[in-house]
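Heads up, the thing below is written out as structure tokens.
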Amino acid sequence: MLEQTKDWDDDFYEKWKPIAMGFVNEAQKCLQCGKCTGQCPAAAVTPSYNPRKMIRDLVNGNIKRVLSSVELWQCFFCGGCYAACPMDINFQFFVFMLRLAAMNEGYGWEDVKQLEGYAEKDYLKNGVTVSDFERNPFVVDTRGDISKIREAAGLTSKRQVSDRAIAEINMLSDLTGMTSFMKKIGGVELLDCRTCTPEQEKKCKHKPMPSRVGKTKTHLRFYNYGEPGGKKHAEA
Amino acid sequence: MPRLDIVAQIPKPKQIFLFRSCVASNKYPGTEACGRETLQILGVEPVESDEQTCCGGFVTFANVAAPTASMPAVARNLSLAEEKGLDTCVLCNGCWTFLNEFGHFMNHNEEVKASVNMMMNMMGREYKGTSNVYHIAEMFYRLKDDIAKNVKRPLTGIKIATHYGCHYLAGGKYSAIDDAQMPSYLEELIELMGGTVVPYTANRECCGTGFTQIINGKDSSLEHTQLKLDSVKEADPDLLVVQCPYCHSQLDRVQQQLNYHNAGDYQTPVIHIAQLVGLALGVAVPKLAFAAHISGRERLEKVLDRVGR
Amino acid sequence: MANNYNNYLEAYGKETSRDAGDRTLNYFSELFSMEIPMSRMMKMMPGMVKFMMAGKGERDDLMKFMPQMMPMVKQAITGKKEE
Amino acid sequence: MKKTLVIGGGIAGITAAEKIAQNGAEVILIEKENELGGNFAKLTFTFPVLGDAKALLNKEIDATQSLTGIEILKGTTLEKVNGSAGNFTVELSTPAGKRTENVASIIAAPGFHYMEPTAYTEYLYGHSSKVVTSLEFEKMAAEGRLPKGKVNVVFVHCVGSRDKAKGYRYCSKICCSYSAKHAIMMKKTNPESKNYVFYIDIRALGKGYEEFIRSAMEEYNVRYIRGRVAKVLPEGEKLLVRAEDSLIGNPIEVEADLVVLASAMEPPVGSRELAQVLGIETDEYGFFQEIEANVRPCHSTKPGVFLAGSCTQPMEIASAVGMGGLAATEALILAR
């Protein structure tokens, strides 16, 4: 199908800027110089990822292409593009906001689903996002017992977060709609790598995606900015 | 070159609110213990609180929480230091950039601040925006004269490579204490403690965690970390010093993972700057908690033997 | 779930970027809205109840806030801002 | 006939002084440095016609010096200006001491300054001897120090220009052309060399410029890659240049032996102070403000003070000469 410029929402960015309250800015100043992509760690390993092209599509108003892309979800959030940018465009925030928009369109849920567990199981229950539970199967054997190491180091055997603090962040989560948002996602069970069965392992690799999230119907994403490339796709 | 004008603005307080980091607490406790011990040795009393939770950066950048949802969580954590009338000292680049960025945002949007404060009031707190957030590496650089005076175990002959971490330098393009593209304050600290700095090509490359890519895009994440580790291996340092527990976790654990896949033999110990300063200032060995480290444990022990236990 | 479409243009069908853009803008203005409509107020309630149940200190803090809360509730019900 | 004061002994100032003297009026030409020539004197070749810069300039200087009615004061600066158009009293600080003169008008031609890209630490400028500015490249070429053998040379456009964060937002206009000139010089001196030019947009704003830049690509095999260089990394003896080939959309890496940064043209050092002494206005960058940029390009905001050359905007040699002539005719009207 031919791309039609009459479909583009060319004042999208102008309308978006005041709504986002300063989270997105300066995109209209983009020179398309490519300094961002030149230093990008994600672009170095996944050739179809290209921050310059995404900014271009955003300013032109080709919203459909940005939001339905896989590339939007390949950013490393390293901020190197912002550090390099001659026009001070903070692209990390664009990615962050655009991902929210993409989720509203039904894209990217397979990724968010995977992450939701960290928020629910760790952040809201314990007050810390990264727990002492080891999720990297390759280091389970080599690692010492954290609670013993903590005690030897003169710390409490477990990182303490008071009940009051946990009650407070739970209330904030409810107040700001984060809890209801997470309920919509459903989340995946975080697997225990030490006792993981082959069946579970399969599930772990193939992220299940809900067909609906609330009222939104979910879709699979597309490689909109070029051939996927990279090691994984080289053979396929 | 460090921006001395920004360094000069960092106060030398009697007390500071030490903000615990999730990864530092639960994966590398040595960072937390050393942060506490080193500050004490340098004459700054660390104040901690069990009320403090995760900064909220992970859930926000994992898009599980909208920015409006994480704003009150940031305000809550910052208000803990405000209540005590202290500045905040963080151990993690992620905490630094997230607390700074969102704190800055709230301070400049009265409307948002008012709405956040409404929620704060519900639990008897208030966010004023008076607490500054400093990274512990910034504090070390500010207190470098005290470090030089207190070195108990000089790092003579130890080859050390540095990794700064993106969220400090790139996120703090204008507010970090050093140039985003060519920082040198960690090198300065290392030389101050008697160590030898080892340069390598991929010094300013990202560690490869990619925030959520280590979970969602494992292939690209590992590929990038391998690029970085290859460059480190070529320079062959005794230690790789990081200033972010998240980078620490990635660079340390992925070595083991790559070794497991026969992708190479990577054995470079990775330690946090707080642990390195702790090592030089003579913090007791169990408090360095090297037992929690994964890669290059033998080399780490050798380093300990050389500087004295 | 198999992908039935070859590319994003097919997936979106007749919808233009303008439609997607408007939907996105509506979503964001809702997200960043400082107003608290009734629906949002209802969602907030369980959290406050949970917080009250957590302990005495929490309950006291929340009760202190109640006078501040009433105009907001009124506003949420009537949908008008009180001057 | 009254006297005219010309500030700056670059090509614009020399031309203005020469034209005034040729029309029979008296003129004082002051130059801060101890030699005439300004930035022109730092070049080896001109573009788009590869002319011998030294010979061309010396011819102009000799012609000027041989004229009667011109007084050339080297090592001299302007201290104070009083009075108004037609009757200025200027105080000069010469090596021989203070001196006061009465002049009808003043022509300001202080030229420009090549930006020192010290802020560009991502390009390792100041940290590696293999990263040089275009000006240093000119010097290397003049002294025969260009790298020999099979080498890769990378030319980087827009260092300091079109960059809000570390430089200026304006385009320096001539860097595209002089980088092409440098690439051609490199290829001519060392036919074994491979030359890469990283550009954002090619701005060939002059007669023959487009053909000149195309000739670099077509005849001298210079590889033009669209994309701003992101960073330069040290790798052993060599440098790694990382950028995006933005026409393809992929990041690329070039192994380089020499990196040449086309640094921006910025206002001359002390332009704001000079503007204050003269009582004229500057723009946001420190360039002198014209009263009307289209039809009065050489009129400053103060009557009787005229502008010539690249103190108003980045400019190539031919325009500076043209503007020097225009300023001279304006000055002659007041000198009468």
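Chain letters run A, B, ... following the sequence lines, proteins first, then strands; residues in each count from 1.
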If you define the side chain from C-beta out and look only at heavy atoms, does anything of A:Ile55 sit under 4.5 Å from A:Val59? yes
Give, as side chain, backbone, both or neither, the part of C:Asp22 having an atom under 4.5 angstrom from any heavy atom of chain A. both
Taking the six-membered ring for Trp and the single ring otherwise, decide whether the centroids of A:Phe93 and A:Phe23 are under 6.0 Å apart. yes
Sub-3.5 Å donor-acceptor pair from the side chain of C:Ser17 to the main-chain atoms of A:Asn62, do we have one? no
Quick check for you: to the nearest 0.5 Å, what is the distance between A:Glu105 atom CD and A:His219 atom NE2? 7.5 Å
Between A:Ser131 and A:Asn126, a side-chain donor and acceptor under 3.5 Å: no
Does any non-hydrogen side-chain atom of A:Val128 lie less than 4.5 Å from one of A:Asp122? no
Heavy-atom distances under 4.5 Å only: say whether A:Leu67 touches chain C with side chain, backbone, both or neither. side chain
When only heavy atoms count and the cut-off is under 4.5 Å, which of residues 5-14 of chain A reach chain C? A:Lys6, A:Asp7, A:Trp8, A:Asp9, A:Asp10, A:Asp11, A:Phe12
Interface moiety of A:Glu168 toward chain C, non-hydrogen atoms closer than 4.5 Å: both
Using side-chain heavy atoms (C-beta onward) and a distance below 4.5 Å, is A:Arg212 in contact with A:Thr218? no
What distance separates A:Tyr225 OH from A:Arg56 CZ, expressed to the nearest 0.5 Å? 11.0 Å
In terms of heavy-atom pairs under 4.5 Å with chain C, the winner among A:Lys64, A:Lys15, A:Met97 is A:Lys64
Highest number of heavy-atom pairs under 4.5 Å with chain C among A:Leu98, A:Leu100, A:Val66 belongs to A:Leu100
